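We name chains A, B, ... by the order of the sequence lines, and we start the count at 1 in each one. Values in this document were obtained by computation on a predicted structure and should not be read as measured data.
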Protein chains: 2
Amino acid sequence: MEDPPPTPATPATPATPAFPGTSAPPAAPAGPAAPAGLTAPAAPTGSAATLHDVAREAGVSIATASRALNGSARNVRAENVARVRAAAAKLDYEPHLSAQAIAKGSTRTVALVVRDVADPYFSTIAAGVTQAATEAGLIVTMAVADGSPERELEIVRTLRGQRPRIIIVTGSRIEGTTTRDALIEELTQYRTAGGRVVLISQRDLPFGTVTIDDRGGSAALARALLARGYRRFAVFHAAPSLRTSRDRHEGFLSGLDGSGAPAPLAFETGFTRDGGHEAARRLVGRGMGDVEAVFAVNDVMAIGAMTAFREAGLIPGRDIGVAGFDDIAPAVDVLPALTSVAVPLREAGLTAMRLALSTDDPTAHHPLPAQVTLRSSTPHRPTP
Amino acid sequence: MEDPPPTPATPATPATPAFPGTSAPPAAPAGPAAPAGLTAPAAPTGSAATLHDVAREAGVSIATASRALNGSARNVRAENVARVRAAAAKLDYEPHLSAQAIAKGSTRTVALVVRDVADPYFSTIAAGVTQAATEAGLIVTMAVADGSPERELEIVRTLRGQRPRIIIVTGSRIEGTTTRDALIEELTQYRTAGGRVVLISQRDLPFGTVTIDDRGGSAALARALLARGYRRFAVFHAAPSLRTSRDRHEGFLSGLDGSGAPAPLAFETGFTRDGGHEAARRLVGRGMGDVEAVFAVNDVMAIGAMTAFREAGLIPGRDIGVAGFDDIAPAVDVLPALTSVAVPLREAGLTAMRLALSTDDPTAHHPLPAQVTLRSSTPHRPTP
DNA sequence: CAAACTGCGGAATACGTTTTCCCATGGCGT
DNA sequence: ACGCCATGGGAAAACGTATTCCGCAGTTTG
């Protein structure tokens, strides 16, 4: 059910390419870069060929040159087309996109604002967006909000100056701030000006939205663990203001509903590896009780927890089941391999672009399924 | 060890954020998106406020409005500035970047071409570039070459149309193709037109270049392992046409030079986790001989190898030392923690931008040091 | 055979800015 | 008083392209 050449259906391949070397003596590389002036870019001096040049070279008018190169509604005699093409090639002409944008009144740009490119979560989404954009002949410009709502607002504002066809924002997770309202206002403004906006992993906003089914995935995970014989759980979650964490937590609980399993212990901690580690230590410290498995609301927390358990003399997968969420690449390399739920990140990026390009209701919401992936960190429990 | 709010200096944090939910019933999320028309973006219909509007609203001329908002060399009476500002705010005016670009004759854009955004290697570099660009008030547009030289060439070509101030390309690794020559030609062209080009992890090209010291890092790793008592090695490497692999391999050998250690066994395999796994199986299959440690030219290979060893009944870090390269996040989470050499990826992105913005020699080469990080996968060998 | 039509080239205009040039005003020195 | 300079506003000319409109062939139609 996947497109063959371009899109890897599952981002399962943990390949990590890398690169060539240096030209300095291997032993003594230069220091971390002399802090060159980081603020004042020099303006380009030389100049590129213009359509005017091409027209002159080809011995035709600018209008004809334009028509020949971009094939408008009007026709141009074959001979002239050839001459213009030749001239363009000779002069290495490349149309000035800004000029085109201004003449045509529209750009071929999609603006993508993410929270952090270095984060695999967002970079995978970005990959999906970029792929779809390229297929549609669009150029993507990217901005990083760094988790700051103010920065995000500022970005969207200046982005509007680019007059992109589409704005896609992923990573905003602010709840009910005035900054948030301003953002909505800004985006609405943009849309009434003819732009198209799509949000990723956002909810209940009057824009096109693609979401990932955190609740459903967690619920399914809970059911899968029940099926493997686990009944007594602990949940490691982050602050409830963190929407993702809350959704996954609640989803897990709802999956347990009606099973008769006791309410899980809940440990609030950081959304990071160290958070998971810390929560696990706390759990061990207070006595494991009869907890059979822990669900951490993301994989890095789960992995941190596994390490902590091991440090306490417990072997994950044998003495205690562990499950995470996200299905990040190392989940399969860790020992034991981590049960998790895979989220279709790239697919989310693709879908966002599709939504933006479609002519349908521009405020449609589009949920993407998350898929539970059972591994040896949660083996079947021996039936007593 | 975690980033406070904004920019983590070291990309060491393995955090994997995630996100909110869905609006559909958790159990039955919709399929993978109706394939909406993916080719014909609709042109924006409504229109945004223009400088003309602002001027009229403020009761001044366009020239004054322009000067008031962007503060040129000329002064504007305070009262008029205030009125223009107010009008701009009221109309939600945002200057049309394309129009500005065309009027000023230069953009504030930096074009970044990477091989694959989803790859942490490149996305981390991209993060560095983006950060530096933002600090310099520049906008970054990103294109993905997907490892295809032709695509890369095409991208650079159309990129020229954007008239960016700077082009940064990372990921090109083609050797001596005619496509490669065309790329060089294209970039040269761009530079003579006033643009600035910086390459990352490329060598011996007449452009600004920042490289990562693969050879030096590998050599240092070799020496560090010697110091821990290892003398007999195997090297898992990829095809020598892969520059990175070759550099790291050769660097490792040069680090062994003069130590009297025997020449390592060499195993050629894929540059991936499975490649490492396969090579390790081969090594085990032929009998380990007296190999004491293996150096895999990247971390995922090393991690794959560890798993393979374990499957063969050997415990990594006890029965066999394992070291990798890149120091990817999971290196520290894997069991045992993996010895590796850290590459300053984000720093590479930052440096590239600095190079581009500096007024120095535009073809300067800038090597970045790689740092060996010893962990428990290569403990001290008991001195016999 | 005149009239209408088609095909295509070019001049001119538009797009939204910045910037140059010109002009009006007012303060100052002599 | 008179010229000068400083200050700041506005008209207009760029910037590089797309497009509208006009005009000139050449061709079809009645």
Side-chain angles (χ1 to χ4, degrees), chain A residues 43-84 87-88 91-108 158 160-163 193-194, chain B residues 43-84 87-88 91-109 158 160-164 193-194:
Chain A
T45 59
S47 59
T50 158
L51 188 56
H52 192 86
D53 302 333
V54 174
R56 183 154 32 84
E57 174 79 22
V60 299
S61 76
I62 318 185
T64 306
S66 172
R67 291 196 265 251
L69 291 179
N70 286 29
S72 69
R74 290 274 307 265
N75 276 354
V76 176
R77 227 187 335 151
E79 185 204 328
N80 278 341
V81 171
R83 285 171 47 165
V84 171
L91 298 180
D92 249 310
Y93 169 76
E94 203 62 45
H96 194 306
L97 257 38
S98 290
Q100 285 195 157
I102 207 185
K104 293 212 240 225
S106 81
T107 60
R108 296 197 66 76
T158 73
R160 267 188 28 210
Q162 282 193 49
R163 305 290 190 274
Chain B
T45 60
S47 59
T50 157
L51 187 56
H52 190 85
D53 302 333
V54 176
R56 182 154 33 84
E57 173 80 23
V60 299
S61 76
I62 318 185
T64 307
S66 172
R67 292 195 264 251
L69 291 179
N70 287 29
S72 68
R74 291 274 307 262
N75 277 353
V76 177
R77 224 183 344 145
E79 186 204 327
N80 277 341
V81 172
R83 285 166 53 157
V84 171
L91 298 179
D92 249 310
Y93 170 75
E94 203 61 44
H96 195 307
L97 257 39
S98 290
Q100 287 196 153
I102 206 183
K104 294 213 238 222
S106 80
T107 60
R108 296 197 66 77
T109 297
T158 73
R160 268 188 28 211
Q162 282 193 48
R163 305 288 191 274

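- A donor-acceptor pair under 3.5 Å is formed between the side chain of B/Arg160 and the backbone N or O of A/Asp92.
- In this structure, CZ of B/Arg74 is placed 13 Å from P of D/dA6, rounded to the nearest angstrom.
- Using a 4.0 Å cut-off, some side-chain N or O of B/Arg77 falls inside it from OP1 or OP2 of D/dG9.
- Under 4.0 angstrom from either OP1 or OP2 of D/dT7 there lies no side-chain N or O belonging to B/Asn75.
- Scanning all heavy atoms of the two residues, the minimum distance from B/Arg163 to A/Ala49 falls at NH2-O, 3.8 Å.
- A/Val76 and A/Thr64 get closest at one heavy-atom pair: CG1-CG2, 3.8 Å.
- Among all heavy-atom pairs drawn from A/Lys104 and A/Asn70, the shortest one is NZ-ND2, 4.3 Å.
- Overall bending of the helix from C/dC1-D/dG30 to C/dT30-D/dA1, expressed as the angle between end axes built from five pairs apiece, is 50° (10° steps).
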Using a 4.0 Å cut-off on protein heavy atoms (strictly under), produce a 5'-to-3' string for nucleotides 14-19 of chain C with B for base contact, S for backbone-only sugar-phosphate contact, and - for none. -BBBBB
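- Proximity of B/Asn80 to the phosphate of D/dG9: a side-chain N or O atom is located under 4.0 Å from OP1 or OP2.
- Between the CD atom of B/Gln162 and the OG1 atom of B/Thr109 there is a distance of 6.0 Å, given to the nearest 0.5 Å.
- Between the CZ atom of A/Arg83 and the P atom of C/dG9 there is a distance of 10 Å, rounded to whole Å.
- Between A/Leu69 and A/Val84 the shortest heavy-atom distance is CG-CG1, 3.7 Å.
- With rounding to the nearest 0.5 angstrom, the NE2 atom of B/His96 is 6.0 Å from the CD1 atom of A/Ile102.
- Atom CD in B/Gln162 sits about 22 Å away from atom P in D/dC15, given to the nearest Å.
- Between A/Ala87 and A/Glu57, the shortest heavy-atom distance links the atoms CB-CG, 3.5 Å.
- One can place CZ of A/Arg108 at 13 Å from P of D/dA18, the figure rounded to the nearest angstrom.
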